[in-house]
Number of protein chains: 2
Amino acid sequence: MSEKRKITLKDIAHALNISPSTASRALNGYHSISDETIRQVKDYAEKHNYVPNALAVNFRKNRTSLIGLVVPHIVHHFFSTTISGVIETAKKHGYHVLVSQSGDVKNGEVFACKTLLGIGVDGLIISVSNETIEADHLQDFLDEGKPIVQFDKITDQIISPKVVVDDFNGAYQAVKNLIENGYRKIAHLSGRMEVKNAQGRFQGYKKAIEDHGLEFREEWVKGCWDILEQEGFDFTKELMESPNPPDAIFCITDLVALGSMKYLQSAGYDLPSQVGLMGFSNWMLSEYITPNLSSVHQHGFEMGEKATEILIDLIKKHEFGADELIELKTELIVRQSSQKR
Amino acid sequence: MSEKRKITLKDIAHALNISPSTASRALNGYHSISDETIRQVKDYAEKHNYVPNALAVNFRKNRTSLIGLVVPHIVHHFFSTTISGVIETAKKHGYHVLVSQSGDVKNGEVFACKTLLGIGVDGLIISVSNETIEADHLQDFLDEGKPIVQFDKITDQIISPKVVVDDFNGAYQAVKNLIENGYRKIAHLSGRMEVKNAQGRFQGYKKAIEDHGLEFREEWVKGCWDILEQEGFDFTKELMESPNPPDAIFCITDLVALGSMKYLQSAGYDLPSQVGLMGFSNWMLSEYITPNLSSVHQHGFEMGEKATEILIDLIKKHEFGADELIELKTELIVRQSSQKR
DNA sequence: CTGTTAGCGCTTTCAG
DNA sequence: CTGAAAGCGCTAACAG
C-alpha cells in the first residue's frame, strides 16, 4: 500500500526560495506579506494541492478543534436529535465532535470523560447520568482550562452554563390544554421527585390545576420509578379502578402514556371521549399510534445547537461561563388524544 | 482562568535524573529497561498523575486514533444503533469516532468526507447516500493510504470491504413464516429496484413463494418510491380493492407496514385473522403498535461492530482489504401480526 | 516585508 | 541497559 507523499510548508518554501515562516504567513493571510509573495505561495500550494498537516498545527497550537459530547444513550430519539444539533453547529464553527455514551451509569460517564480529556478535546458538552452525584471527573476539565456546558440532565456539582427545557411551562400548557378541552379530573403519572425534570413537570401540572380552580388530589399523582410503559399500564389500572377515577391523564413521558393508552383501550374506555391523554417529549411514536398522542415537544436539535454555541464561544474567549440556567421553550403538539369532542 | 500546568516526560526524566528517552521507554514497556527504573518512572508518573500529551504522540506517530463515520442520518433508529456499535467497538480498541451525517445527499457526503480527511482520521466507515454514483471523495482516502469499510448502503465505485444485511434470506424467512401460518395469497410492498436492499428483499419474497408452490402474481407487487407510511396505506387500499385481494402483505419496511395496517384497520379488516402483516427492519415502533408487528430484525449494533473491527484491523495492518461482501444474518421477530390463529 | 531561530512533547535512531 | 541528538510540521518571537 503506497501513499502519495504529502507536500509540506518546507517544500513550498524551498521551491520558492523563501523561508517556511514566510510561506506560513502567506497562507494564513498575514498582512505583512507582499501581495506578490502571497500570490506565488498560494498558487504553488494550490497546484501541488498542499494540505496543512492538521496534527502538526494542533500540536503547535495546543488545541484540537474537537469537542466532547457525552449522553446517556445514543440510541434514543431525543438524544440522537441533540447529537445532531451539536454536530451540525460544531461543523459551522469549524469544530468536530466526539460522541460517547455513558449508558446512564456513573462508571461509563467517568470513563468517557477521562478518555475525552486524554484525547485533548477543547471543551465538553454533557447530559449527566442518573447516578452522577459527585462530579470530580467534570471538575478535571475545568481544572485543565476546558469549559463545560451541561444540558437536559444536569448536576449542580460544577459551575457551568446549563441548557434545559422549560418543564414547568411545558407541563402547564399541556394540562391547560386538557382543561380547555373539557377534562376536569386530571391525574398525573410523574417520575422520581429527585429528578429535576420530573419535579418541574409536576409543579407545572399542579399550578395549572390550581389556576383553573380544579381540585388537586394526592391520590391522582403516581410516581413512575423507571418511566416504563408497564408502569403507565399498571398505574392507570389503579387509577381507573379507584373509587374516584380521573377523566384525563397527563403522563411524564410518551412511553408511559402508551402504557396508559393500552390499559384504557384494553379496559374498553373510548379515547379521547371518555378519557383524555397527554404525553411529554413528543417521541416519534406519538404520531403513529391510534389515537395520535398529544404531547409536549422539546426542541432537541435547538438544545444541542444552543449548548454548542455557548461552548464554542467560551472556548474562543478562554472562559468558563457563568453558572446560569438557560431554559428553552417547549411546544405543545395537540393531536387526537386530548381533544374530547 | 488558570490551568494546572501538566507534567511532561522531561519533567519526569529531570526529577529522576534519567533521560527523557529512558522515561519514555519505561512507560511504554520496552524490555531493555531495568525493572528498577521502570518502577521508579511508573511510580513518579502515577504520583504526579502524568498524562502523555496525546497531541504530541499523535503528531509524532502520524496517526490520530480517530476514525470517521458517515451516515445518511443520525436521527434514525437503525443508524443510531450502528453508530453506537461503531463507537463502542472503537473504544475497545483505543480508537475514537467522529460522526457526520450526509443528509442522504451527495454534497453533504462529499463535504463530510473532505472534512474528515482534513482532520486526518485513520480510516473511514460509511453508509453512502442515495445520490452517490461517483465516488472520487472516497477514492481520496484510499489514495492517502486510509482504508474504508462500507456498510448497509454501499457503492461498487470503490474497492473496499462491505458489510450488509442478508436481505434475501431475511425476506425469505419472513415470507416463509407467513406461509407457515396459513396465509396463501401474499403481496409485497417493495421499493425501488435500483436499490440493493429492495432488490434482495424482493428476490427473497419471490423465492419463498415459489419454493412453497404458491402463485407469484405481478399485480401483488407494488413499488414504494419513497418508502413512506402513506405509500403503505395507498397501495394496500389498491390491493384490497382489486378483484383478487391478497390475504397477507410483506412490507419492505415497518413504516410502510404501519401505513398498511392503518388502512386495513380503517377498512374494517381484522388483523391478523383476515390479513397477515410482516414488516422489515424491526423499528422500535413495531412492538408498540396493536397488533404488534412481526418484523425482520437487522442487527444494527453488530453491523457497526463488524465494520469497525474490519477497519481497525486494516488500519493496523496498513492494508485496504479485499472487495468483499460480508452478509450479516437477520433475525425474524414473530409477533401478533403474522399469526393467523 | 522577510529570514533566523527556537521549540511544542514525544519517539527513535545511533552510540555507547 | 541508557543517553544524546535529531526531528515530526508548524508557528511565533525576535531581529533586521
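The sequence lines fix the lettering, A, B, ..., with proteins before strands; numbering per chain opens at 1.
Salt-bridge annotation for B:Glu109 and B:Lys106: absent, with no side-chain N of the basic residue lying under 4.0 Å from a carboxylate O of the acidic one. For A:Lys306 and A:Glu309, the salt-bridge test fails: no basic side-chain N is under 4.0 Å from an acidic carboxylate O. A salt bridge links A:Asp156 with A:Lys196; the closest basic N to acidic carboxylate O contact falls under 4.0 Å.
Taking atom CZ of residue A:Arg60 and atom C1' of nucleotide C:dT5, one finds them 12 Å apart after rounding to whole Å. Taking atom CZ of B:Arg39 as the reference point, atom P of D:dC1 lies 15 Å away to the nearest angstrom. Separating the CD1 atom of B:Ile18 from the P atom of D:dA4 is a distance of 11 Å, rounded to the nearest angstrom. In this entry the distance linking CZ of B:Phe59 with P of C:dC8 reads 13 Å, nearest Å. Taking atom CG of A:Asn62 as the reference point, atom P of C:dG7 lies 17 Å away to the nearest angstrom. Atom-to-atom, CG of B:Asn28 to P of C:dT13 comes out at 14 Å; the value is rounded to the nearest Å. Atoms CD (A:Glu36) and P (C:dT2) sit 9 Å apart, rounded to a whole Å. If you take CD1 of B:Ile12 and P of D:dT2, they are 15 Å apart, rounded to a whole angstrom.
Nucleic acid contact for B:Asn17: sugar-phosphate only, since backbone atoms but no base atoms lie under 4.0 Å from a heavy atom of the residue. Heavy atoms of B:Asn58 sit nowhere under 4.0 angstrom from any nucleic acid atom. As judged by a 4.0 angstrom heavy-atom cut-off over every strand, B:Leu55 is placed among residues making no nucleic acid contact.
Among the nucleotides D:dC10, C:dT2, C:dT11, the one closest to the side chain of B:Ser24 is C:dT11. Of the listed nucleotides (C:dG3, C:dT11, D:dA12), D:dA12 has the atom at the smallest distance from the side chain of A:Lys61. Minimum atom distance to the side chain of B:Ala56 is reached by C:dG9, of the listed D:dC10, C:dT11, C:dG9.
Phosphate contact (OP1/OP2 of D:dG9, side-chain N/O of A:Tyr50, threshold under 4.0 Å): absent. Put simply, B:Thr22 has a side-chain N or O that comes within less than 4.0 Å of OP1 or OP2 on D:dG3. One finds no side-chain N or O of B:Tyr30 lying less than 4.0 angstrom from the OP1 or OP2 phosphate oxygen of C:dT11. Contact annotation: B:Asn53 does not reach the phosphate of C:dC8 (side-chain N/O to OP1 or OP2, under 4.0 Å).
Side-chain contact of A:Thr64 with A:Asp122: a donor-acceptor pair under 3.5 Å is present, judged by distance alone.
Residue-environment remark: CD (B:Glu36) exceeds the threshold of 12 foreign heavy atoms within 6.0 Å. By the 6.0 Å contact criterion, NE2 on A:His48 is enclosed, its count of non-hydrogen atoms from other residues, nucleotides or ligands being greater than 12.
Take the nearest nucleotide of DNA chain D for A:Lys10 and for B:Ser19: the residue whose nucleotide is more 5' is B:Ser19.
With hydrogens and angles left out, the side chain of B:Ser21 and the base of D:dA4 share a donor-acceptor pair within 3.5 Å. Side-chain atoms of B:Arg25 come within donor-acceptor range of the base of D:dG3, with a qualifying N/O pair under 3.5 Å.
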